[in-house]
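Here the structure is laid out as C-alpha cells; the discussion comes afterwards.
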Amino acid sequence: MAASSSADGSATASNNSSNKDTESDTAEFCPGFKDVDAFVKRGLGGVVAATKASGLLPQAGDEFDFYRSFPGFQDFCAVQGERLLHCMSQLMQHHGCRSFMKDRSKLTGLEERFDLVIESNDVILEKVGIMLDEASGVTRSQPVMPAGYQPPRIVVSSWNRKGNDHSGETFHLLHAKNIQRPQLKFKEKVDNSNTPFVAKIFVKPNAIKPLPSCELTERPEDLDVPPALADFIHQLRTQEHMDDMFSHPYQYELEHLVMPEILRSRPDPQLYKPLAETSCTFIETLEDLVALNEKLAKTTEFAVDLEHHSYRSFLGITCLMQISTREEDFIIDTLELRSEMYILNESFTDPTIVKVFHGADSDIEWLQKDFGVYVVNMFDTHHAARSLNLGRNSLDHLLKLYCSVDSNKRYQLADWRIRPLPEEMLKYAQADTHYLLYVYDRVRADLFDAANGQSNLIQVVWSKSKDLCLKKYVKPIFTEESYMELHRKQKKSFNSQQLVAFRLLFSWRDKLAREEDESTGYVLPNHMMMKIAEELPKEPQGIIACCNPTPPLVRQQINELHQLIKQAREIPLLKVSEVLSGFILCSVCFILNCSCTITSKSNLFFFFFLSGRFLVFIYLFYLFIFWEEFHKKAFPETKPQNAAPERCIMPR
Ligand code: AMP
Ligand code: ZN
Ligand code: MN
C-alpha cells in the first residue's frame, strides 16, 4: 500500500516539476514544494516508508503461503499488485522506457519484468546523470566536431551511477577521469578477436589427469598402416586436440572430487579477528605473491573475492583479488601481477584446501579469463544462504546477521583501476573477505542444524559450489544474428530500413569495441543505438543529436556512421509486420499444397521485394478467387474429398 501510494506521489510530482521547469522559474520549485530539498525530503520519506512496508509483508515460504490461503488476502494482493504494476508502468512510460504492462497476463513474465525494471532504472539513472552533468556545465551544447577530433571529457554512463551516495567526494572517485589504461602495461596483449576462448593454462598443479600436450601430433607416417587409415587416425587426434583445447582443464579432478571429511561435522565457529587489529598486506610484487602462495598452501581454508572493471575494456579486467586467512588479510594488485597470478593455482586447485567465496559465478569466470586460475574445492556462502532460506542472500545481509556489521556497498561499482587505491577503497575491499571465514563457519553450523545434525544440506551447497567451479568462461562471439537477440529484447517493431540500420550499427559497434578494447556500452549504449536506428537521421548532426552525451567514438567516427545510416535508407521500405503477414499467407499456401504460380520459388522471391501492402493485397485477391478450393483443402472433412489432388492456377 505504502509503496504504491508513494510511487503515485512521486510520479505526479516529477511530472509537475518538469512542466514547471519549462514554464517559468517562479518561487516554488514545484507545487507544494518550496525548493528541491523539500521535494527530495518528501520523496525520500516515501521511499523509506515503502521499503519498511515491504519489509513487513509476509516472507516467501511458510508465512506467505499461510496468508495466501485466505481469499481476502489473495484479493488484496491482486488489487495492490495491479496498482503497483500500473504505477510502475506509468513511471516507465513517463521516462520513455518500454513498459511491461502489455504482457501482464504471462505467468512466466516475472523474470522478464524484472529485467525491464532494471533496464528502466538504468535509463532513468542515466538521464539523471546527464542532467546533473548539464547542470554542472559538462556536456552543455558541445559543438559538432570534425571527425577525428576528440575533446577531453568525462564519459557518463549508468554503470558508475548506481551508488546511492551523492557526496561530492564519491562522485569524483567513481568518475576517476585520468586513469591510465591498465591494458597498456599488460605483458600479454588482450585477445578480443572473434574466436572462442582458449584456456590460459600451461602448468597444471594438483593434476590427476595431466594437461594435454600442446603440439598437434604429426600425421602418423611412422605407423605401419595404409595412408587412408593414417589420415583417419590423424583426424581423430586433431579432433581430440581441439576438444581438449576448449575443455575445462580441471574437469576430471572436479568430477572425481569428494567432499572433504571436515565438512561432514558441525563446526565450532571461530570468531574473526577485529578488522582494525588484522594485518592487511598489499601485494604488488612477484616475491610477495610467491610468499603468499606458500602461506596459503599451509592453510585448510581461505576466503577469496575479486573486484572487476568492465566499462573501459571489451572483456573486462580483474583489478583486485582479496584473500583472507584466519589470521591475515591480503589484497593483490592484479593489474600489476596479472601474468603471474597463475602461480596461485597451486593452492586454488589443491583439493585439501577449501576456498570460500560469496556468489562466485562471475569470479570463477574472471579467474579463468584473466589469469588462467581454476578452483577445486570451493564453498559458496551465497548458496548456503539460499539453502538456509534466509530470504536475502547478499553478503551485506550475512554480515549483518552473523557479524552485526553494517557493510556499505558504496564502492561496489567504483572504478577499481585507480592506483594508488584510496585508503577507503582498500578498507572496503579488505572487509569483503575479512569476515567470510567466520560466515562460512556460521552457515555450516546452521545448515547442519537445519538438517537435524546431518551433513546433507552442506553436501548440497558444496555440490552446487563444485558445479560453479566447472563453469567455463565463454567469450562473447559476434555472429550475423547477434543483433537479433538484442533487437528482440528491446521489443521495438522496426521497418526494414530501421532493422538494417540497427544491424549495421551493431556490427560497427562490436568491431570497434574489440579493436579499441572498450565495452560496447562505452562505444555506443544500447538506447542510443536504438534511437539512431529508429530515427535514421539524414545528417551527421542528427546522429549526434540522438546521443546525449555523445560517446567519444561516435563523434570520432561520425562519417562512417553517417554512411551506414545512408546505406540503410536505401533499402526498400517494408514494415516487418507486413512482410510477416505476407510470409504467413505464403506458408498457408504451402501447407495446403497449392502449387500455383504465386508460390513458385522465383515468384516468392520477387514478392518479398514488393511493397508489403501490395503483397498482402495479392494474397487476399488470390484467396478470394480460390476461396472454394482453399476451403476444401483447409477443412477437408466438411466436404467430400476429391480423389485427385487439386492444383490451383493463378490467372495470368
Ligand atoms: P563483489 O562480489 O560485491 O565484490 O563485486 C565484485 C565485482 O562485481 C565489482 O567489482 C563489480 O565490478 C561487479 N559488480 C558487483 N555488483 C554489481 C552490480 N550491481 N552491477 C554491476 N557490476 C557489479
Ligand atoms: Zn565478489
Ligand atoms: Mn568485493
Inset, instruction - State, to 0.1 Å, how close Leu254 and Lys466 come at their nearest heavy-atom pair, and which atoms those are. - result: O-CD, 3.3 Å
Inset, instruction - Flag yes if more than 12 heavy atoms outside Ile262 fall under 6.0 Å of its CD1 atom; otherwise flag no. - result: no
Inset, instruction - Under the ring pair (Phe, Tyr, Trp, His ring centres under 6.0 Å) rule, what do Phe73 and Tyr67 come out as? Steps first, then yes or no, please. - result: CA-CA 6 Å; Phe73 181 78; Tyr67 278 101; 5.4 Å; yes
Inset, instruction - Assess Arg442 against Tyr440: is NZ or CZ under 6.0 Å from the centre of the six-membered ring, and within 45 degrees of the ring's axis? - result: no
Legend entry - Salt-bridge contact Asp449-Arg266 (side-chain N to carboxylate O under 4.0 Å): yes
Legend entry - Any donor-acceptor pair under 3.5 Å from Asp517 side chain to Phe314 backbone: yes
Legend entry - Under 3.5 Å side-chain donor-acceptor pair for Gln270 and Asp441: no
Inset, instruction - Give a yes or no on whether the backbone of Gln412 and the side-chain of Tyr428 come within a donor-acceptor separation of less than 3.5 Å. - result: yes
Legend entry - Side-chain donor-acceptor contact under 3.5 Å, Trp462 with Asp380: no
Legend entry - Short side-chain to backbone donor-acceptor contact, Thr433 and Asp305, under 3.5 Å: no
Legend entry - Heavy-atom donor-acceptor pair, Lys185 side chain to Glu336 backbone, under 3.5 Å: no
Inset, instruction - Using a 4.5 Å cut-off on heavy atoms from C-beta on, say whether the side chain of Ser387 contacts that of Leu447. - result: yes
Legend entry - Test item: Thr334 side-chain N/O and Leu337 main-chain N/O as donor-acceptor pair under 3.5 Å: no
Legend entry - Ring center gap for Phe302 and Phe348 short of 6.0 angstrom: yes
Inset, instruction - Answer yes if the side chains of Tyr411 and Asp432 hold a donor-acceptor pair under 3.5 Å, and no otherwise. - result: no
Legend entry - Lys/Arg N to Asp/Glu carboxylate O, Lys187 vs Glu340, below 4.0 Å: yes
Legend entry - Which atom of Pro249 lies closest to which atom of Leu211, heavy atoms considered: CB-CD1, 4.3 Å
Inset, instruction - Kindly indicate whether a cation-pi arrangement holds for Lys369 with Phe197, taking the cut-offs as under 6.0 Å to the six-membered ring centre and within 45° of the axis. - result: no
Legend entry - Ile418 side chain near Ile179 side chain, heavy-atom distance below 4.5 Å: yes
Legend entry - Gap separating the CD1 atom of Ile317 from the CG atom of Leu335, nearest 0.5 angstrom: 6.5 Å
Inset, instruction - In plain terms, say whether Lys464 and Asp467 are close enough for a salt bridge, that is, a side-chain N and a carboxylate O under 4.0 Å apart. - result: no
Inset, instruction - Mind listing the closest non-hydrogen atom pair of Pro196 and Ile477 along with its distance? - result: N-CD1, 3.9 Å
Legend entry - Spacing of Asp350 atom CG and Leu344 atom CG [to the nearest 0.5 Å]: 12.5 Å
Inset, instruction - State, with a plain yes or no, whether a side-chain heavy atom of Cys469 is found less than 4.5 Å away from one of Ile364. - result: yes
Legend entry - Ion pair Glu284/Arg419, N-O distance below 4.0 Å: no
Legend entry - Enclosure of Asp75 CG (heavy-atom neighbours >12, cutoff 6.0 Å): yes
Inset, instruction - Determine, for Glu518 against Arg312, whether the closest basic-nitrogen to carboxylate-oxygen distance falls under 4.0 angstrom. - result: yes
Inset, instruction - Could you tell me whether a side-chain N or O of His86 sits under 3.5 Å from a main-chain N or O of Glu82, the two making a donor and an acceptor? - result: no
Inset, instruction - Go through the steps for Tyr402 and Asp446 under the test side-chain contact (heavy atoms from CB on, under 4.5 Å), then give the verdict. - result: CA-CA 11 Å; Tyr402 294 122; Asp446 285 357; 2.8 Å; yes
Legend entry - Minimum heavy-atom distance Gln322-Ala429, with the two atoms named: NE2-O, 3.1 Å
Legend entry - Modelled atom types, side-chain donor and acceptor of Thr281 and Asp329, under 3.5 Å: no
Inset, instruction - Would you mind reporting whether Val190 and Leu315 have side-chain heavy atoms less than 4.5 Å apart? - result: yes
Inset, instruction - Could you check Leu436 against Tyr272 for side-chain contact (heavy atoms from CB on, under 4.5 Å), going step by step and ending with a plain yes or no? - result: CA-CA 9 Å; Leu436 205 53; Tyr272 50 88; over 6 Å; no
Inset, instruction - Grab the two heavy atoms, one from Cys403 and one from Tyr438, that are nearest each other, plus how far apart they are. - result: SG-CD2, 3.8 Å
Inset, instruction - Measure from the side-chain N and O atoms of Ser463 to the backbone N and O of Gln459, and report whether any donor-acceptor pair falls under 3.5 Å. - result: yes
Inset, instruction - Determine, using ring centers only, whether Trp416 and His309 are less than 6.0 Å apart. - result: no
Inset, instruction - Give a yes or no on whether a salt bridge exists between Glu365 and Lys471, defined as a side-chain N under 4.0 angstrom from a carboxylate O. - result: yes
Legend entry - N/O donor-acceptor pair under 3.5 Å between Asn293 side chain and Glu346 backbone: no
Inset, instruction - Decide side-chain contact (heavy atoms from CB on, under 4.5 Å) for Leu367 and Met341; before the verdict, give the C-alpha distance in whole Å, the side-chain angles of both, and the deciding distance to 0.1 Å. - result: CA-CA 9 Å; Leu367 286 171; Met341 290 297 287; 5.9 Å; no
Inset, instruction - Using modelled atom types only, decide if a donor and an acceptor are shared between the side chain of Lys204 and the backbone of Lys209 within a distance under 3.5 Å. - result: yes
Inset, instruction - Output the distance between atom NZ (Lys298) and atom OG1 (Thr325), rounded to the nearest 0.5 Å. - result: 12.0 Å
Legend entry - Arg338 NZ/CZ over Phe186 ring centroid, <6.0 Å and within 45° of normal: yes
Inset, instruction - Considering only NZ, NE, NH1 and NH2 on the basic side and carboxylate oxygens on the acidic side, decide whether Arg326 and Glu301 come within less than 4.0 Å. - result: yes
Inset, instruction - Go through Met321 and Phe330 one step at a time and tell me if the side-chain contact (heavy atoms from CB on, under 4.5 Å) criterion holds. - result: CA-CA 8 Å; Met321 179 189 280; Phe330 303 89; over 6 Å; no
Legend entry - Taking every non-hydrogen atom, the tightest pair across Phe282 and Leu320: CE1-CD1, 4.5 Å
Inset, instruction - Compute the ring centroids of Tyr522 and Tyr311, then answer whether they are less than 6.0 Å apart. - result: yes
Legend entry - Beyond-backbone contact of Thr520 with Pro476, side-chain heavy atoms, under 4.5 angstrom: no
Legend entry - Side chain to side chain, Gln368 and Tyr374, heavy atoms closer than 4.5 Å: yes
Legend entry - More than 12 heavy atoms of other groups within 6.0 Å of Phe246 CZ: yes
Inset, instruction - Test His358 against Thr381 for side-chain hydrogen bond (donor to acceptor under 3.5 Å, both in side chains), laying out the working first. - result: CA-CA 5 Å; His358 182 88; Thr381 52; 2.8 Å; yes
Inset, instruction - Give, for atom OG of Ser465 and atom CG of Leu470, the distance between the pair rounded to the nearest 0.5 Å. - result: 11.5 Å
Legend entry - Sub-4.5 Å side-chain heavy-atom contact between Leu289 and Ile332: yes
Inset, instruction - Would you check if the distance from the ring center of His382 to the ring center of Phe357 is below 6.0 Å? - result: no
Inset, instruction - Taking the side chain as every heavy atom from C-beta outward, state whether Tyr435 and Leu395 have any atom pair closer than 4.5 Å. - result: no
Inset, instruction - Answer yes or no: is there an ion pair linking Glu328 with Lys273, defined by an N-O contact shorter than 4.0 Å? - result: no
Legend entry - Euclidean distance, Lys427 NZ relative to Glu423 CD, rounded to 0.5 Å: 6.0 Å
Inset, instruction - Without swapping roles, check the side chain of Asp370 against the backbone of Thr318 for a donor-acceptor pair under 3.5 Å. - result: yes
Legend entry - Spacing of Asn526 atom CG and Gln490 atom CD [to the nearest 0.5 Å]: 5.5 Å
